[in-house]
Protein chains: 2
Amino acid sequence: MTRRVTIADIAAAAGVSKGAVSYALNGRPGVSETTRAKILAIAAEMGFVPNRAARSLSVSSAQAVGIALRRSARTIGIEPYFMELISGIEATLSAGSYGLTLQIVGTVEEELEVYRRWWAERRVDGVLLCDIGTSDRRLDFIADLGLPAVAVGGPVEGARFPAVWHDDVEPCRAILEYLYTLGHRRVARVAGIPGLLHTAIRDQAYADMAAELDFASVTTVHSDYTGEQGAQITRRLLSSSKRPTAIVYDNDVMAVAGLGVAHELGLEIPEQLSVVAWDDSPLCRLTHPALTSLTRDIPAYGSNCAEVLLTLIGANRESGPPSAESRTFSVQCRPAQLSPRGSTGPVQS
Amino acid sequence: MTRRVTIADIAAAAGVSKGAVSYALNGRPGVSETTRAKILAIAAEMGFVPNRAARSLSVSSAQAVGIALRRSARTIGIEPYFMELISGIEATLSAGSYGLTLQIVGTVEEELEVYRRWWAERRVDGVLLCDIGTSDRRLDFIADLGLPAVAVGGPVEGARFPAVWHDDVEPCRAILEYLYTLGHRRVARVAGIPGLLHTAIRDQAYADMAAELDFASVTTVHSDYTGEQGAQITRRLLSSSKRPTAIVYDNDVMAVAGLGVAHELGLEIPEQLSVVAWDDSPLCRLTHPALTSLTRDIPAYGSNCAEVLLTLIGANRESGPPSAESRTFSVQCRPAQLSPRGSTGPVQS
DNA sequence: CCACAGCGCTTAACCGGATAAGTGACCCGA
DNA sequence: TCGGGTCACTTATCCGGTTAAGCGCTGTGG
């Protein structure tokens, strides 16, 4: 339990000044190669690790980024999406020796307050915004704050900072074309939360596609993404007089719940009902039959987001405020791919 | 984008010294109530928030705790446990205005390195250790480091720091008694990773209980907690000549997978097979039939752990090193309760 | 031969708070 | 009336890094 070693200790041991040690450790000019090598050797031997607070205070950078999740304690675990996303984010951050600060909040107000505090305290150098809404209060708030941020989702109209997103239109087309080919004409969709941007984009894509092909009906019911609502809506859909022959779910949890309801009602899958899930977590392969789903690489997505944020933060540091161009660029990732499995099949006449 | 407000700015505005402002803001004696009120008013008006790095440097506390998870990017999402745990931890931490720093690692070596760095950098004031093993290298390493820590799991023999845990023996008894009462005599258990402490504890509890009651067989097969292995083991169990009439799974993901396999093999649940899951995530209520499972309040558990860690850190700060007593106390939480649902029923003869 | 540049290092200021020590004004009791 | 204690505040130092400025020495070109 000896006292931690500081650059002053190294300076004393090497017989040079604090400044020289700092130059040597940071690989900047100002010391000879001989001295540098000696200092580095001593630092390594003494097990020197710079104090984060001291460095932050000097260079005014926290070497950390923040992420605030707005979910309840009970429901946050069930959605594999977040943990996979965080895992990807984390991989990129720790490669760049940045830390990740996580906070879970209940309301938008709390979330805004967290951002304000983080930035005022300089606890983070930037944040990642999840669950982008169609009209999102957070976007202007954060831009006004001057807090570097990246939207995890998009495209965001007139954004004042970058967004990283997947195209959702193409996968929607793929699903409907696939179901159409299998002979389905009555398709229902259990969508996510209406206020979310990607929900709105999918709504539009389905409507467009439905008009293009001659489906008898393509209905959309909005939900809160929970399994409970997924089950409830499925029960309602399946007990209506003209029930759909295929149901598409906006996440995997609801799809699993829907599958459960179908079993409960004694429906054979896929003979009497086809089921498609969005977001191919391992969950989709656990059920019987396995769920046909849209596969995205979520950890890679998280890594992309983190990478863009680090670039933005780097750009901020040098040469004053970043250019408008670099602040609003938009990165599009590979769209989700349809993975057909046992839960979908041709319509039985 | 004005420069951030410092105590020097407040001092200037209030016409006092930096020191007076610091005393006023921290509620310590040294300023009159009149002056204190004036300073607080000015600070509030100017939107003052103390710089975290500066404060940390002075008081040498990071106001943050760390948690390192050793899981792969792909599998970490599927287990609702972690996110629920983190959510509970976070609730307590942010109530005490502590931050949570998260890192995902691949190996124990990496994990140890992360702890070493965090502590050397003073990026965290303490850590939470998950997935405690039967002989866990991390325990001594961290104790030697002097890094305050709490084990999330236990009881830990000869621990040099506190552990927070559930009794697992009682729930094991409850499951086996329940299944025995329903007439089951051949019970299989798909257990978790053998090296983990709670797996070993459950192994022992099942063995003891099996000897106590006259089961025909109580077999245990170890797994890696993934759905894939859960399915594979279930398939093997169910196609053996003397197949079990009930299977108990050490987590919910494997139970769901097992249910899928049973469906696949055309077994009626619970008529031909009873299924019990450990850890009652919402997942257990999504399947059909719903899974009988052991309910624990994971977010509350996380909160408990965080609370103990904060106490430990607080104890550290005042009066030098904490007493041996406070360092090794062990908090036991309410054991898991059996929630019978549709997946279990009496044996059909 | 000298002005000047460049190297290699030291010095000292600075980041933004916390805090021990110091100071002057005031009050109180002997 | 004066010593001593308390109050209210200021001053100065520290935490552990970074970094601009300074300074002596050497080499070099005009």
Side-chain angles (χ1 to χ4, degrees), chain A residues 2-40 42-43 46-64 97 117-123 125 317-318, chain B residues 2-40 42-43 46-63 97 117 119-123 125 317-318:
Chain A
T2 60
R3 216 174 49 74
R4 47 185 323 284
V5 7
T6 70
I7 57 167
D9 301 330
I10 298 175
V16 295
S17 69
K18 276 172 60 182
V21 174
S22 180
Y23 290 136
L25 292 174
N26 293 308
R28 335 170 102 258
V31 286
S32 67
E33 282 313 312
T34 333
T35 314
R36 184 188 306 276
K38 186 169 112 197
I39 291 174
L40 288 179
I42 292 177
M46 299 176 82
F48 171 75
V49 181
N51 178 307
R52 182 68 56 180
R55 171 169 279 169
S56 291
L57 187 57
S58 276
V59 303
S60 59
S61 121
Q63 289 280 309
S97 72
R117 194 168 38 74
W118 274 350
W119 188 230
E121 288 183 340
R122 288 294 186 277
R123 199 191 255 280
D125 296 323
R317 210 190 316 293
E318 68 207 28
Chain B
T2 59
R3 218 173 49 73
R4 48 186 322 286
V5 178
T6 70
I7 57 168
D9 301 330
I10 298 174
V16 296
S17 69
K18 276 172 61 181
V21 174
S22 180
Y23 289 135
L25 292 174
N26 293 308
R28 340 173 100 257
V31 285
S32 67
E33 282 315 313
T34 335
T35 313
R36 184 188 304 277
K38 188 169 111 195
I39 290 175
L40 288 178
I42 291 177
M46 297 177 84
F48 172 75
V49 180
N51 178 306
R52 180 69 54 181
R55 172 169 279 170
S56 291
L57 187 57
S58 276
V59 303
S60 60
S61 120
Q63 290 280 308
S97 72
R117 193 168 38 74
W119 187 231
E121 288 182 340
R122 289 293 188 276
R123 199 190 255 281
D125 296 323
R317 209 190 317 293
E318 71 206 25

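Treat the numbers as computed from the prediction; the structure is a model and nothing was measured. Throughout, protein chains are lettered first and strands after them, A, B, ... in sequence-line order, and every chain is numbered starting at 1.
Judged by a 6.0 Å distance limit and a 45° cone about the ring axis, A:R123 is not positioned over the six-membered ring of A:W119.
Taking B:R36 as the reference, B:E33 meet the salt bridge (Lys or Arg N to Asp or Glu O under 4.0 Å) condition, with sequence neighbours excluded. Every residue meeting the side chain to side chain contact (heavy atoms under 4.5 Å, CB included) condition with B:A54, not counting sequence neighbours, appears here in chain and number order: A:L57, B:N51. Considering only residues two or more places apart in sequence or on other chains, A:S17 meets the side chain to side chain contact (heavy atoms under 4.5 Å, CB included) condition with A:A20.
Rounding to whole angstrom units, CG of residue A:N51 and P of C:dG16 are separated by 17 Å. Taking atom CG of B:D9 as the reference point, atom P of C:dG16 lies 9 Å away to the nearest angstrom. The separation between A:E121 atom CD and C:dC15 atom C1' is 17 Å, rounded to whole Å. Taking atom CZ on B:R55 and atom P on C:dT19, their separation rounds to 9 Å, with Å as the unit.
Applying the side chain to side chain donor-acceptor pair (under 3.5 Å) rule to pairs touching residues 22-31 of chain B yields B:S22-B:N26, B:N26-B:R55, sequence neighbours excluded.
Among the heavy atoms of the strands lying under 4.0 Å from B:T35 are primed sugar atoms or P, OP1, OP2 only; no base atom is included. As judged by a 4.0 angstrom heavy-atom cut-off over every strand, B:V21 is placed among residues making no nucleic acid contact.
Heavy-atom distances to DNA chain D give each of B:S58 and B:V16 a nearest nucleotide, and the one nearer the 5′ end belongs to B:V16.
Boundaries of the chain B contact region on DNA chain D are D:dA8 to D:dG16, first to last in 5' to 3' order (nucleotide atom under 4.0 Å from a heavy atom).
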Measure all distances between protein nitrogen or oxygen atoms and nitrogen or oxygen atoms of nucleotides 20-22 of chain C, and list the pairs falling under 3.5 Å.
unit_1 : atom_1 : unit_2 : atom_2 : d
C:dA20 : N7     : B:Y23  : OH     : 3.3
C:dA20 : N6     : B:Y23  : OH     : 3.1

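Between B:T6 and C:dC15 there is no side-chain N or O to OP1 or OP2 distance below 4.0 Å. Here B:N26 reaches the OP1 or OP2 of C:dA18: one of its side-chain N or O atoms lies under 4.0 Å away. Residue A:S32 places none of its side-chain N or O atoms closer than 4.0 Å to OP1 or OP2 of C:dG8.
In this structure, A:K38 and A:T34 have side chains that are not in contact, with every pair of non-hydrogen atoms separated by 4.5 Å or more. Put simply, the side chain of A:F48 reaches to within 4.5 Å of the side chain of A:L25, judged on heavy atoms.
The distance from the OG atom of A:S60 to the CZ atom of B:R4 is 9.5 Å, given to the nearest 0.5 Å.
Of the possible donor and acceptor atoms, none in the side chain of B:S61 sits under 3.5 Å from a partner among the backbone N and O of B:S56.
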